[in-house]
Amino acid sequence: MNDIFAELKWRGLIFQTTDEENLQKWLLDQSRTIYAGFDPTADSLHVGSLLPLMILRRFQKCGHRPIALVGGATGMIGDPSGKSAERNLLSVDQLRANVVGIQQQMKKVLDFDNADSGAVLVNNFDWMSRFSFLDFLRDIGKNFPVNVMMGKESVKNRLQRDDLGISYTEFSYMLLQAYDFVHLNKEHGCELQVGGSDQWGNITAGIDLGRRMLSQQLYGMTCPLLTKADGTKMGKTESGAIWLSPERTSPYAFYQYWINVADEDAGKCLRFLTELNQEEIEALDKAREEEAYKRESQRRLAEELTGMIHGPEGLASAQRATKIFFGEEIDNLSDSQLVEIFADVSSKDISKERLSGEGLNLMDAFVEAGLSKSKGEARRTVQQGGAYINNRRRESIDERLTAEDLASETVMVLRSGKKKYALLRFRD
RNA sequence: GGGGGGUUUCCUGAGCGGUCAAAGGGGGCAGACUGUAAAUCUGUUGGAUUAUUCCUUCACAGGUUCGAAUCCUGUACCCCCCA
């Protein structure tokens with residue numbers, strides 16, 4: 001039994017616990033079962049979910065059994081914690097599809113096959129949907145004093161705002177999450193719930209309910225929220241969230257997100273999200289201070305996370321794409337490789353004919369690809385040295401493109417300036 | 001109700017009969033520098049084009065003139081002052 005508490009402590013992952021003195025020993029005594037919940041608001045998790053998922057993984061590696069709870073039922077209600085507005089309700093079908101997608105992704109982080117500490121995946125819809133409204137009120141609701149509920153931070157915030165309010169539905173959210181904990185204790189012997197610091201109120205609600213219904217002592221622990229030094233949310237870019245699914249966020253974009261993490265955030269990300277040990281991380285801290293330009297921390301972070309989520313092949317393709325995106329000449333690649341590397345780049349099909357004979361005018365190609373709005377603009381780009389075919393600069397406006405210039409069977413890679421790309425696909 | 005000022009190219013803001021596709025700044029784009037950061041510097045910034053020109057553009061519609069963003073008339077919208 002490895003000391004998970006000490007592990008979480010040095011990483012800065014313990015924000016609050018329900019029993020500071022005894023929890024460490026309790027976790028060392030024997031293998032425990034713990035759980036964390038995940039919202040099925042989409043068919044993929046995003047990097048925000050990575051933190052609790054990694055915490056479960058750390059518990060598992062220390063010999064405990066993690067339960068990942070997917071909120072098929074709670075997702076229908078919407079957690080008021082940390083939300084400033086009432087949630088839109090998802091349809092049952094949508095939720096079911098989302099749960100399936102999320103389950104697939106969890107398999108990359110947690111080991112579900114190990115006999116002793118194998119992870120368990122549950123969906124609270126499975127037990128919640130069997131409740132009738134009356135049963136729920138009699139068995140569960142009876143145990144919740146409303147004045148306590150109103151004291152919870154998540155509810156209080158919404159009640160104080162007279163421009164927002166909170167629906168009865170969201171108000172009841174904590175009952176569901178509290179009962180989840182009790183249910184998991186009865187069915188799986190789960191005794192500890194972990195979550196982000198905004199989950200404290202929901203977690204303690206579950207502990208209270210466990211005491212009342214089962215006379216059981218349950219435990220709770222929260223971790224800090226993963227935020228950036230500039231106050232904005234981690235895992236969000238101008239173009240949207242960073243997802244774990246390769247369909248939504250290509251391995252390349254995922255890798256790039258971590259490469260671009262600000263220096264001030266890099267140490268936190270390494271501690272929170274990777275499994276590098278303390279010496280390695282402290283060495284990186286030092287390197288970051290002394291040789292920031294090398295960006296060693298960001299590189300390691302990106303490698304660790306991309307490798308874990310997208311596998312060695314995903315990491316390799318992201319790194320290959322990175323080299324190419326940053327100027328390596330493109331040669332001897334296949335259509336499929338190029339299409340994969342440039343998955344996020346717009347491409348346009350045009351006739352193969354255009355390459356024959358005289359060839360295609362360089363400026364026309366840029367306009368066709370959408371990199372220049374007019375021929376005049378294309379001319380300027382070329383004259384200023386900003387036009388590249390397959391990452392080779394083309395400087396003359398008289399140049400003609402022929403089949404010689406294809407990077408692969410049918411694809412030509414155009415680039416304007418440092419990193420604006422577009423593909424032209426020449427077809428019959 | 002009376003008086004005055006305005007409407008310019010992505011934004012701002014000069015222009016007040018030809019040398020105006022229209023100054024300056026911002027933004028955008030490209031280049032250098034750099035850590036795939038920030039800052040800085042340079043170039044560029046209506047469209048087509050044999051680079052020579054041509055076309056469209058200065059609220060809208062008419063007019064004066066060889067020639068109008070610039071002058072006149074009307075229309076719309078905006079702002080300010082006095083009642």
Side-chain angles (χ1 to χ4, degrees), chain A residues 47 227-240 242 249-270 283-306 310 314-330 341-346 357-400 413-422:
Chain A
V47 303
T227 51
K228 292 200 278 187
D230 63 13
T232 56
K233 251 190 186 154
M234 187 59 89
K236 286 258 172 18
T237 64
E238 314 82 59
S239 45
I242 302 293
T249 300
S250 70
Y252 167 74
F254 185 86
Y255 181 86
Q256 282 294 313
Y257 179 78
W258 300 110
I259 284 284
N260 283 314
V261 162
D263 291 353
E264 312 85 77
D265 297 323
K268 195 158 146 185
C269 286
L270 286 167
L284 286 169
D285 286 345
K286 194 155 170 259
R288 203 164 56 247
E289 213 161 285
E290 289 164 3
E291 306 175 299
Y293 63 94
K294 284 191 178 166
R295 302 165 64 71
E296 187 63 20
S297 297
Q298 283 88 341
R299 209 173 310 277
R300 282 305 296 277
L301 182 64
E303 280 168 13
E304 291 290 320
L305 295 178
T306 311
H310 296 296
L315 174 60
S317 95
Q319 286 175 323
R320 194 168 57 226
T322 295
K323 272 193 197 147
I324 286 175
F325 265 96
F326 289 93
E328 188 170 89
E329 286 191 5
I330 301 167
I341 291 170
F342 291 100
D344 304 324
V345 158
S346 77
E358 274 256 280
L360 176 63
N361 181 287
L362 184 59
M363 290 173 294
D364 287 336
F366 272 76
V367 174
E368 287 280 4
L371 286 176
S372 301
K373 284 203 274 296
S374 65
K375 283 197 178 188
E377 193 179 299
R379 175 179 298 105
R380 241 172 274 134
T381 304
V382 175
Q383 286 170 340
Q384 293 178 139
Y388 299 78
I389 300 292
N390 304 330
N391 278 340
R392 259 177 232 111
R393 182 181 276 180
R394 296 303 187 91
E395 318 206 20
S396 163
I397 56 171
D398 300 320
E399 294 211 40
R400 297 266 161 181
V413 182
L414 312 202
R415 174 178 137 212
S416 157
K418 235 166 228 152
K419 43 185 171 180
K420 248 170 56 193
Y421 283 88

Run the ring pair (Phe, Tyr, Trp, His ring centres under 6.0 Å) test against A:Y257 and tell me which residues pass, sequence neighbours left out.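 Result, ring pair (Phe, Tyr, Trp, His ring centres under 6.0 Å) vs A:Y257: none returned.
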
Practice item. State whether a side-chain donor-acceptor pair under 3.5 Å links A:N260 with A:Y255. Key: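 No.
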
### Given RNA chain B, 5'-ward residue of the pair A:M363 and A:D263, judged by closest heavy atom
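The 5'-side residue here is A:D263.
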
Could you check A:E377 against A:T381 and say which one's nearest nucleotide on RNA chain B is further toward the 5' end?
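Nearest nucleotide further toward 5': that of A:T381.
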
Given protein heavy atoms under 4.0 Å, the one-letter contact record of nucleotides 36-46 of chain B, with B base, S sugar-phosphate only and - none, is simply B------BSS-

Contact string for nucleotides 52-58 of chain B, one letter per nucleotide 5' to 3', B = base within protein heavy-atom range under 4.0 Å, S = sugar-phosphate only, - = neither, reads -------

Specify the separation, in whole Å, of atom [atom1] of [X] and atom [atom2] of [N].
X	N	atom1	atom2	answer
A:Q383	B:A32	CD	C1'	18 Å
A:R415	B:C29	CZ	P	15 Å
A:Y388	B:A30	OH	P	10 Å

Aromatic ring pairing A:F325/A:F342, orientation class (parallel under 30°, perpendicular over 60°, tilted between):
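It falls in the tilted class, 30° to 60°.
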
Listed once per pair and sorted, the salt bridge (charged side-chain N to carboxylate O under 4.0 Å, His left out) pairs that draw on residues 250-262 of chain A, sequence neighbours left out:
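Output for this query is empty, none listed.
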
Identify every side-chain donor-acceptor pair in residues 358-369 of chain A under 3.5 Å, counting partners at least two apart or on other chains, and give the distances.
{"residue": "A:N361", "atom": "OD1", "partner": "A:M363", "partner atom": "N", "Å": "2.7"}
{"residue": "A:N361", "atom": "OD1", "partner": "A:D364", "partner atom": "N", "Å": "3.2"}
{"residue": "A:D364", "atom": "OD1", "partner": "A:K375", "partner atom": "NZ", "Å": "3.0"}
{"residue": "A:E368", "atom": "OE1", "partner": "A:K348", "partner atom": "NZ", "Å": "2.8"}
{"residue": "A:E368", "atom": "OE2", "partner": "A:R354", "partner atom": "NH1", "Å": "2.9"}
{"residue": "A:E368", "atom": "OE2", "partner": "A:R354", "partner atom": "NH2", "Å": "3.2"}

Measuring only the [atom1] atom in each nucleotide, how far is [N] from [M]? A whole number of Å is fine.
N	M	atom1	value
B:A21	B:C54	C1'	13 Å
B:C71	B:A14	P	16 Å
B:U57	B:G2	C1'	38 Å

Partners meeting salt bridge (charged side-chain N to carboxylate O under 4.0 Å, His left out) with [X] (sequence neighbours left out):
X	result
A:K294	A:E291
A:R380	none
A:R288	A:D285
A:E329	A:R392

Each base of RNA chain B marked ( ) or [ ] if paired in-strand (Watson-Crick or G-U under 3.5 Å), | if paired to another strand and . if unpaired gives (((((((..(((.....[.....)))((((((.......))))))(((....)))...(((((..]....)))))))))))).

- Checking all strands, does A:K294 fall into the base, sugar-phosphate, or nothing category for heavy-atom contacts under 4.0 angstrom?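 Counting heavy atoms under 4.0 Å across all strands, no contact is made by A:K294.
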
What nucleic acid atoms does A:Y257 come within less than 4.0 Å of, heavy atoms only: base, sugar-phosphate, or nothing?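 If one applies the 4.0 Å heavy-atom cut-off, A:Y257 turns out to touch nothing in the nucleic acid.
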
* Looking only at side-chain N and O atoms, does A:K375 come under 4.0 Å of OP1 or OP2 in B:U49? ->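 Answer yes for this pair, as a side-chain N or O of A:K375 is under 4.0 Å from OP1 or OP2.
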
Discussion item. Using the side chain to side chain donor-acceptor pair (under 3.5 Å) criterion, which residues pair with A:T322? Sequence neighbours excluded.
Written reply: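 By the side chain to side chain donor-acceptor pair (under 3.5 Å) rule, A:T322 matches A:Q256.
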
Set of residues satisfying side chain to side chain contact (heavy atoms under 4.5 Å, CB included) with respect to A:A316, sequence neighbours excluded |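 Side chain to side chain contact (heavy atoms under 4.5 Å, CB included) list for A:A316, sorted by chain: empty.
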
